[in-house]
Structure formats: C-alpha cells, structure tokens
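First the structure, in the form of structure tokens, and then the observations on it.
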Amino acid sequence: MQTWSTKSSALQKSPPSPKPSPTIWEAAMYQQSRNAPGLPWLKNYEFPYTFPAPWGSCTVCMTSVAGHLNSQDFDPRFRSWQSCNPGELFDAPIVTYVDKDKTAIAKNIEQQARYATALFIWTDCDREGEHIGTEIRDIALAVNARLDVRRARFSNIERAHVIQAARNPIPLDERQANAVSARIELDLRIGASFTRMQTLSLKPMVEHLQELKVISYGSCQFPTLGFVVERYFRVKNFVPETFWSIKVMHRQDDIDVKFTWRRNHLFDRMAVVILYERCLVAKAAKVVKMQKKPTRKWKPLPLTTVELQKMGSRYLRMDSQRVMKIAEDLYTKGWISYPRTETDQFDKGMDLRALVSKQTPSQAWGAFASNLLAGAFNAPRAGRNNDKAHPPIHPVNFVAPTALTDEERRVYEFVVRRFLACCSEDAQGESTTVEILYGAETFHTHGLIVLARNYLDVYPYDKWESSQQLPAFHMSEVFVPTEAKMTEGQTSPPGYLTEPELIGLMDANGIGTDATMAEHIAKIKERSYVETRSRSGRTNATDDADTSNAAARGGRGGRGGRGRGRGASTTTAGRPSTASNSTMQEFIPTTLGVALVEGYDALGFEPSLSKPFLRKEMERAMKAICAGSTTRREVVQQSLEQYREVFARTTVRIEVLKASFRKYVLGQNG
DNA sequence: GCAAGGTC
C-alpha cells in the first residue's frame, strides 16, 4: 500500500535512537512493522530518523488513519424522530464521538501517543486533511498533554520533497479545520431537520411512497436532483421552431463542395427569400479568402477524478460510481496512483519517463511507449488545478491485461493511454478555409489534412480525421455555383441529462467533491428521485459546450431553458453526433423528484433549495474562514439563521409542497 | 430512519 504516506501521522518516541536514516519513507518501508491490534491493515512502522533541532535523533513510529475518525450526531434525546419537532434540530446539542468503525485506529493512536514526545501529522494538505489532523491531535493530547504537535506540508511523495517537509514542520491550520467543522455542523442540522420534516409531512400522503425509507434533503443531493429536473423540463417544454437557410454546392475537379452560410440560418422566411434571391441575381460567386494554415489538436490534460468519471460513463460503459470503485481497486493493488485528485498538472520533480518505461512490455501500447523514450517524449500540458495533495491519476506499474477483470482492464487501459497521450505531442494538421462572396452573402467551407497523428495513435477516445480533400480554389476566382437552394429545418430538443453532463454541472457548481459526486448521483437514484435508462449509440458532440451553457444559465438564477426561445435551442439543432459505440445513461426525474423540486421552487425562496447557490455560498463561507475574514461561529450562526427562516416558512406554507405532490405524484390537477 | 466528508 503506497498511500499510507499521505494519511499518516508519525510519533516520535524517546529515547531517541542514535542511528540516523536517509528519509522517513525509505526507512519506514524497510524497517520493522508491527500490526496494530484490531485491524489487519493498520501497521506501525518503527525506525530511527534524525530531525533538525529541537527534536534531533528520534525513534519514529509511523502509523496511519483512514479518513475522519469522528462522527457527529444529535444528543441521544433528539435521535428519535418522535422526540422533537424537526425544527428543534437547528439548536439541539450535537455530540462528537469516535466512529465505531474507527475505535481500533483511535486506540492505536492513544497507545503510541502515551509515551511519545512529539506528534507529526502527515495527512493530505487540504481542508479535510487539516480537520482529520486535529482529530488525531485531540485523541493524542487527551492521553499525553505534553506532546509537541506539528504538521508536514507536502504535495507529493518525491524523496527530496518529503525530506524538505520532514525538516520544516508547520503548525496545524486551525482555520481550515474550523471551516470543515462548520460544514459538518451545517450539513447535519439542515439535512436532518429538512429530511425529517419532508418525510413526516409528505410521505403519508402517497400510498406507494410508503416503501421509501425517507424523503431526504441534503445540500448536495438536492441541487443534483435540480439539474436533472431542469433538463427534463427543457426537453418537455421544448417547442420546435422552423428556420431557413441557404445551401451552396459547387462541383470542381470532380469534387462536390458544400458551402455553409455565414449566417447559418434565420427564423424569418421572408428575409431568407430576399437574401437568397439576391444571390441568384448575382449569378457568380467570387473567392474572397483562401487560407491554408497549420493547425493542431491539443493532447488531453493530465487526468483528474472528474475527468475520469466523465470519460468512464462516456467510453467505458460504466457509471461514475462503478468507475470509481474499479479505480480504487486498481489503486489498492498498486497499478495506478491515488484516484481522487483535482490536480491536472504534474509536479516538475516527477520522473515521468520512468513511468512511461514501465509500459513498454504492453502488447497494445508498448511500442508507443518505447517511441516516446526514443525521443518523442513531450512534457505534459499543465492545467489550472492543483489540490496540493495528489498528482494527476497515472499508472504506477505495468500489469498484463490477463491479470485484470474486464472492467479493471478497461479503466486501467484508459488511465495508461491518457498518461501516454499526455507525454506525447499534439496532433498536427493543415486546415484550409475557403470563403466566397455570393451576391452580398458570405459562405465558407473548411478542409483538414491530418499530417501527424502523434498522441491520437495511443488515444482512440479523441477523433480527428482528415476531411474530404478540397479542390484547388484560387483567390479572386469567379464561378457559377453548381447549385444554390433555400433549405428549411427545425430546431430539435436537447436530450435528457447524461451522466458526464451531470458530473460537469456538479463540478462547475461545486456540488460535492471529486470523491463524493458519484455517491450523490447514486443517492438520488436510491431515493427514487430519478431513474436512468440507456441512450445507446449516440454521443452528443456538444456535451461540453452544453454543460457549461447550462451552468452559466443556472448561475443567473433563471429557470434554465424553460419555454426558451430560439437562441439557445438552436445550439443543438442539426448538429452531427460523433460516432461512438458507447452506451450512456440518461437521467429522468420520477414524479417524486419533480414534485420536490417544483414544490420548493413554488415556495419562492431566493435562491430555491433545488439550486446550487446555497452550496456555493457554503463553499464561499468556508474559504472566508480559511482566509481569516470570518469565523466558524459567525458562519454557522448566520447560515442557521437563514435556514431556520426557510424552514419556518416552509412549514407554515407546507400546503404549497403538498399541492406539488398532489399535482405530480398523485396526478391531480389544481 | 436524517447530511457530507474522509477512505480499508
């Protein structure tokens, strides 16, 4: 297991050993390890190491945790659903205790801490990691108040970087830990109060909902449902519109060329008729632009979790939760790096060539890897994200496909191909643009010749192919087009939300983390808020553009594209779909899901609980706590005040929610 | 019986 490093805490014990050792990590790997009681995977590694003053030569015990140690719940008096009014959960006392699955880990820390002189925290350097660090600290200090507690600042486990971190300990960042603590309290109070209230008041209304456990509310699951419902209404309320266009064809050198109108299409038939007639009157068209220029298709960015999940549901025939499960398995078996990362740039110190060389034994991509080592290697592009905790997902060892299950093989292959693509060169091509003036209208055509496929050879998930060759046109050449006609078409509705689109929306709006997005999606299925069905054989080429548009619309607080006009609806009209043999799931809300979202929207709170803004606001508040511009207490107090108000108004006007249930779940009008 | 976050 190579990751205990990022989830570890080290305890220095006295008396110190006189024998120094090169790095904590090397030493830990080769020195003796002892199983900690209770858990097979929990190990204590003991080794000597010399720190700078004041610690000096020490005997170190390196051990690990696994995520948060503590759980929070309401005081036992409030745990029964009949014990109180759900609204009282905004003020009910909360107790923090060691999670029952974590007692062995906590006990181990206590045992090791009792006789130690210092505690050195090596958890991930992100907010949650900082909070976990304080949990470890509190457990240790409770048995040994004299412990000197420090924290390592590190973002990878490169040898030099680790030594640097070991020699320059810093204090734990209380602000980051406080930000997380605020989130924990708010999510618990708001989630539990709304969940109980909804369940108790709405579930009894509908017979077939009795089999449901709860009608839950959560700051992440609700916006996730909101995205699905919003798209559903865009599809349902879509009104096709007729548009007109002008198509010009010309045959030259035995090649048929289609010219596209610069105006694309218009929704005013008379206007198009007039413009079209002017073209016909002009008779001849003239070449006004003839441009050849080098072009390239950029290789992909280093792989993040979000991207892995999107690609997985698009090309690997698995839903995001499945992709993550498989990636975790590949990680614990040592084939790929840690699969939960937001980082899309490799640290400078990383020996990427060494990782490439591990792939040379492969039948499928070994030759490509060898070619990279022989000189074709090109440094990966750097994206804009760095979580300072983990590198991009990459293969760490070669494994033969026969040693993997079918699903593991697909995910592993994707990770390797993506990595090799990152280490190769952009694809090179030559693009040709011909523009003609026909009457007063401009038309154009494009040609592409792929000159060097480069990364495309190892990365079949991207398509970039030469177009039909264009005939030779010359600047100022005049010709009478073979054909010019006016065409009519109709805008077509967008499809239901697909999983990559949903993940893209969640990512863009800060709903969930890389590690939890798939869980939120699974949760709204489990709660019967949405259903999925497969949309086979069709991958919309405009997925990404569409996703960001939707996020932007959401950002303005409108009801998305509901009954929307021509502008937006034509973005998907008549757009060719890229060929793909993938089967993708599309999400359709159930009547229950629709009733909830429509009910809250009808209550008229700004912003509605079905929208992502409240979660965004929480993220902003957490950042403010980290920056020191506000405090945990301030944020919790203010947010609770806001939600208490929403809660009170919801219970007073519960009829609005019930009406939505009657309308959508029971199918009654009025 | 509730949340979201961490991860074995």
Side-chain angles (χ1 to χ4, degrees), chain A residues 1-4 6-8 35-36 38-43 64-74 78-84 86-90 92 94 99 101-102 104-105 123-124 126-136 176-177 179-200 203 210-224 305 324-325 327-329 331-333 338-341 389-390 506 510-524 526-527 609 614-615 618-619 622 639 643 647:
Chain A
M1 202 166 63
Q2 63 281 87
T3 56
W4 53 265
T6 60
K7 308 165 200 134
S8 304
N35 285 346
L39 287 167
W41 53 266
L42 184 59
K43 301 242 195 302
S64 68
V65 294
H68 292 277
L69 290 151
N70 291 340
S71 282
Q72 282 75 22
D73 203 350
F74 295 104
F78 295 85
R79 287 196 199 162
S80 147
W81 284 40
Q82 276 71 41
S83 66
C84 67
E88 290 176 46
L89 297 180
F90 284 104
I94 289 175
D99 190 282
D101 299 335
K102 304 294 170 60
I105 302 174
T123 47
D124 289 359
D126 53 23
R127 272 192 321 233
E128 300 290 337
E130 216 64 26
H131 187 264
I132 294 167
T134 63
E135 293 182 342
I136 298 167
Q176 289 192 57
V180 169
S181 161
R183 171 193 63 71
I184 290 172
E185 178 171 350
L186 290 172
D187 280 338
L188 176 60
R189 291 194 188 282
I190 299 162
S193 58
F194 275 87
T195 297
R196 288 190 193 178
M197 180 271 288
Q198 288 181 169
T199 307
L200 294 172
K203 202 174 117 177
Q210 297 319 303
E211 58 208 56
L212 282 181
K213 223 165 66 176
V214 288
I215 300 176
S216 62
Y217 171 83
S219 61
C220 288
Q221 50 180 276
F222 247 53
T224 305
T305 304
M324 284 313 289
K325 173 76 178 69
E328 275 163 33
D329 291 348
Y331 156 68
T332 43
K333 288 177 189 165
Y338 192 65
R340 291 185 273 263
T341 175
H390 305 285
M506 294 172 75
I511 302 301
T513 67
D514 46 18
T516 59
M517 276 189 263
E519 289 173 28
H520 299 309
I521 295 173
K523 178 140 288 171
I524 62 172
E526 181 194 323
R527 295 284 189 251
L609 295 193
L614 292 167
R615 185 72 209 183
M618 168 119 62
E619 184 63 29
M622 279 163 68
S639 299
Y643 275 94
F647 187 89

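Reminder, nothing fancy here: chain letters follow the sequence lines and each chain counts from 1. Quantities reported herein were computed from a predicted structural model and do not represent experimental measurements.
Taking A/His131 as the reference, A/His68 meet the ring pair (Phe, Tyr, Trp, His ring centres under 6.0 Å) condition, with sequence neighbours excluded. Evaluation of the side chain to side chain contact (heavy atoms under 4.5 Å, CB included) rule for A/Asn70 yields A/Gln72, A/Thr96, A/Val98, A/Glu135 as partners, not counting sequence neighbours.
Closest non-hydrogen pair, A/Leu89 versus A/Cys84, comes out as CD2-SG, 4.1 Å.
Between B/dC8, B/dA3, B/dT7, one nucleotide has an atom nearer to the side chain of A/Ser216 than all others, and that is B/dA3. Of the listed nucleotides (B/dC2, B/dG1, B/dC8), B/dC8 has the atom at the smallest distance from the side chain of A/Thr332. The side chain of A/Ile132 lies closest to B/dG6, out of B/dG5, B/dG6, B/dT7. Of the candidates B/dC8, B/dA3, B/dG5, the closest approach to any side-chain atom of A/Trp41 belongs to B/dC8. Side-chain proximity of A/His68 to the nucleotides B/dG5, B/dG1, B/dC2 is greatest for B/dG5. Picking from B/dG1, B/dT7, B/dC2 the nucleotide with the shortest atom distance to the side chain of A/Lys203 gives B/dG1.
Counting non-hydrogen atoms under 4.0 angstrom, A/Gly512 reaches the backbone sugars and phosphates but no base. A/Gln82 comes within 4.0 angstrom of a nucleotide base, judged by non-hydrogen atoms across all strands. Within 4.0 Å (heavy atoms only), A/Arg189 reaches no atom of the nucleic acid at all.
Judged by closest nucleotide on DNA chain B, A/Arg196 is the one of A/Arg196 and A/Arg183 placed further toward the 5' end.
Ring planes of A/Phe194 and A/Tyr217: tilted class, angle from 30 to 60°.
At least one side-chain nitrogen or oxygen of A/Thr513 sits closer than 4.0 Å to the OP1 or OP2 atom of B/dG6. Look at A/Gln221 and you'll find a side-chain N or O under 4.0 angstrom from OP1 or OP2 of B/dA4. Taking side-chain N and O atoms only, A/Thr516 has no distance below 4.0 Å to OP1 or OP2 of B/dA4. Put simply, A/Arg127 has no side-chain N or O that comes within less than 4.0 Å of OP1 or OP2 on B/dA4. Between A/His520 and B/dG5 there is a side-chain polar atom (N or O) within less than 4.0 angstrom of OP1 or OP2.
The nearest whole Å value for the distance from the CD1 atom in A/Ile136 to the C1' atom in B/dT7 is 13 Å. With rounding to whole Å, A/Arg340 atom CZ is found 13 Å from B/dG5 atom P.
Checked by distance alone, A/Asp73 brings a side-chain donor or acceptor within 3.5 Å of a matching partner on the base of B/dC2.
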